[in-house]
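Please read the structure below before turning to the comments.
One-based numbering, in listed order, for ligands and for the atoms of each.
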Amino acid sequence: MDADPTGIALPATDRSAGPASAYQAPELTVVIPTFNERDNVDPLLAKLRTALAGIEWEAIFVDDDSPDGTAARVIERARTDSRIRCLRRIDRRGLSSACIDGVLASAAPYFAVIDADMQHDETLLPDMLRQIRADGLDIVIGSRYVAGGGTGEWSGHRIAISRFANALSRLVTRVRLTDPMSGFFLMRREAFDRAAPSLSGQGFKILLDLFASSPKPLTFAELPYTFRSRTFGESKLDAQVVWDFLMLLLDKTVGRFVPVRFALFAAVGGIGVLVHLAVLAASLAIGFGFAVSQTTAMLVSMTGNFLLNNLITFRDRRLKGRAVIRGLLSFYLVCSVGAVANVGVATMIYEGDVIWWAAGIAGAVVGAVWNYAASTIFTWRTR
Ligand code: GDD
Ligand code: MN
């Protein structure tokens, strides 16, 4: 058995060992993340029962306290079928983290992740299981982009977005999958356990996360399926999901060196310096005095930085309406203290006989770290 980074030493896949109890963990756990999918519960269960006949399976629904009562529906079904369980999460949202929690609650040697809305083709599950065992793979993925698969009734617009996201993630993660965005796959739990400690768990893209977080490359196969259209409920894919996806990519690349949010903050700061210089130059050219020009440049660049950070860096905590004014004022305040710290530190270092540009850089770094830390606490604070 491999060294187990999770600290839970699991006997490989020997299901005959253990105390003489009537219960045996099933071979396959089907993890189903749900948010407002009440009307899909019964049709999905019916489809799973048919597709998985002859396989020992269980289903774990992970529901983020859907207002439509999905959890209640699942629990009702769980009362008459011991293969069904509901993991209800309160005060948490997120497709990836829901999948992770579901897998962590399973004792089976294999698990699958499938959407509740029947857009994924559950009849593929037995083939996936057969192949993962026959070839000793870590994971088998349902793909829309291998020969025989398809995106069904998708609009050209959505296909284009999907292809672009695919290309981008291949570029960034070096993961050679035809459908890295797929939310439909079957995996060996030991392989999951190895990746679990490093998973980012953010957003929608659990598959990409698993590949990018595995300590050794996952051995995989892809099986074609056609994405069906939704009958009940609606998709949760929105701008936030796209944002989370980009953050995941950044986290798995620059995130190894600096926190993604700080990198964004610093990039915005860099733009701010350019804005400052441009305004300063323009103002001097018009004929204003230096002090006036410098003050104008500072106000413009601080305001610009605030708006950009509000739009990008702190998108998930974006200030709206009146909070924007309060936030802007607190950002001015934070940056003023940062500027004082910047000049103070730089001067101190410069006086210690250090070359001017090194002192300047040191001051700027101290200022940037202060601005970041303080604005995280005061301007874009979490409730
Ligand atoms: N627990 C939980 N929490 N479940 C969620 C959440 C959440 O915050 N958001 C979405 N879900 C559930 C939905 O209820 C559904 O069962 C599944 O996750 C997929 O959500 P959809 O909103 O239907 O996503 P989609 O159809 O646009 O995209 C899906 O399929 C694509 C192709 O495989 C997702 O699985 C994508 O990740 C995937 O790329
Ligand atoms: Mn869907």
Between S143 and T178, a side-chain donor and acceptor under 3.5 Å: yes
Please name the residue in the list D316, T376, N309 that meets the side-chain hydrogen bond (donor to acceptor under 3.5 Å, both in side chains) test with R261. D316
Relative to the Mn ion (ligand 2), how many protein N, O or S atoms have a separation of less than 2.8 Å? 2
Between R93 and F35, is NZ or CZ placed under 6.0 angstrom from the six-membered ring centre and within 45° of the ring axis? yes
Tell me, which protein residue and heavy-atom name are nearest atom 6 (C) of ligand 1, and how many Å apart are they? F35 CB, 3.9 Å
For R315, does the CZ atom sit with more than 12 other heavy atoms under 6.0 Å from it, leaving out its own atoms? yes
Go through the steps to decide whether T379 and S330 satisfy the test side-chain hydrogen bond (donor to acceptor under 3.5 Å, both in side chains), and finish with yes or no. CA-CA 6 Å; T379 309; S330 86; 2.8 Å; yes
Of all the atoms in ligand 1, which lie at a distance below 4.0 Å from a heavy atom belonging to G183? 33 (O), 35 (O), 38 (C)
Within ligand 1, which atoms have a heavy atom of R230 less than 4.0 Å away? 21 (P), 22 (O), 23 (O)
Are F220 and F211 close enough that their ring centers fall under 6.0 Å? yes
Non-hydrogen atom of R89 closer than 4.0 Å to ligand 1: no
Between V62, D179, T34, V31, which one has a non-hydrogen atom sitting closest to atom 4 (N) of ligand 1? T34
Pairing of E222 and R176 as salt bridge, 4.0 angstrom limit: no
If you measure from atom 9 (N) of ligand 1 to every heavy atom of H120, E37, R93, R88, which option wins on shortest distance? R93
Among pairs that include at least one residue of residues 94-109, which meet salt bridge (charged side-chain N to carboxylate O under 4.0 Å, His left out), considering only residues two or more places apart or in two chains? R89-D101, R92-D101
Atom 27 (O) of ligand 1: the protein heavy-atom neighbour that sits closest, reported with distance to 0.1 Å: S235 OG, 2.9 Å
Could you verify whether a donor N or O on one side chain and an acceptor N or O on the other, from S213 and S198, lie under 3.5 Å apart? no
Heavy-atom proximity to atom 11 (N) of ligand 1 ranks first, among L95, L208, D117, T70, for L95
What I want to know is whether P33 and ligand 1 share at least one N or O pair that is separated by under 3.5 angstrom. yes
T29 versus E58, side-chain donor and acceptor atoms under 3.5 Å: yes
Would one find an N or O of M181, backbone or side chain, under 3.5 Å from an N or O of ligand 1? yes
For ligand 1, is there an N or O atom under 3.5 Å from any N or O atom of K205? yes
Under 4.0 Å, counting heavy atoms only: does R92 come that close to any atom of ligand 1? no
Taking the six-membered ring for Trp, are W380 and F306 ring centroids under 6.0 Å apart? yes
With the 4.5 Å side-chain cut-off for hydrophobic clustering, are V146 and Y225 part of the same group? no
Heavy atom of Y225 under 4.0 Å from ligand 1? yes
Show the atoms of ligand 1 that are less than 4.0 angstrom away from any heavy atom in Q119. 23 (O), 26 (O)
Using side-chain contact (heavy atoms from CB on, under 4.5 Å), reason through R144 and M181 one step at a time and then give a plain yes or no. CA-CA 10 Å; R144 294 162 288 186; M181 302 298 134; 3.9 Å; yes
Using a 4.0 Å heavy-atom cut-off, which part of A116 comes near ligand 1: side chain, backbone, both, or neither? both
List ligand 1 atoms under 4.0 Å from S182, heavy atoms only on the residue side. 33 (O)
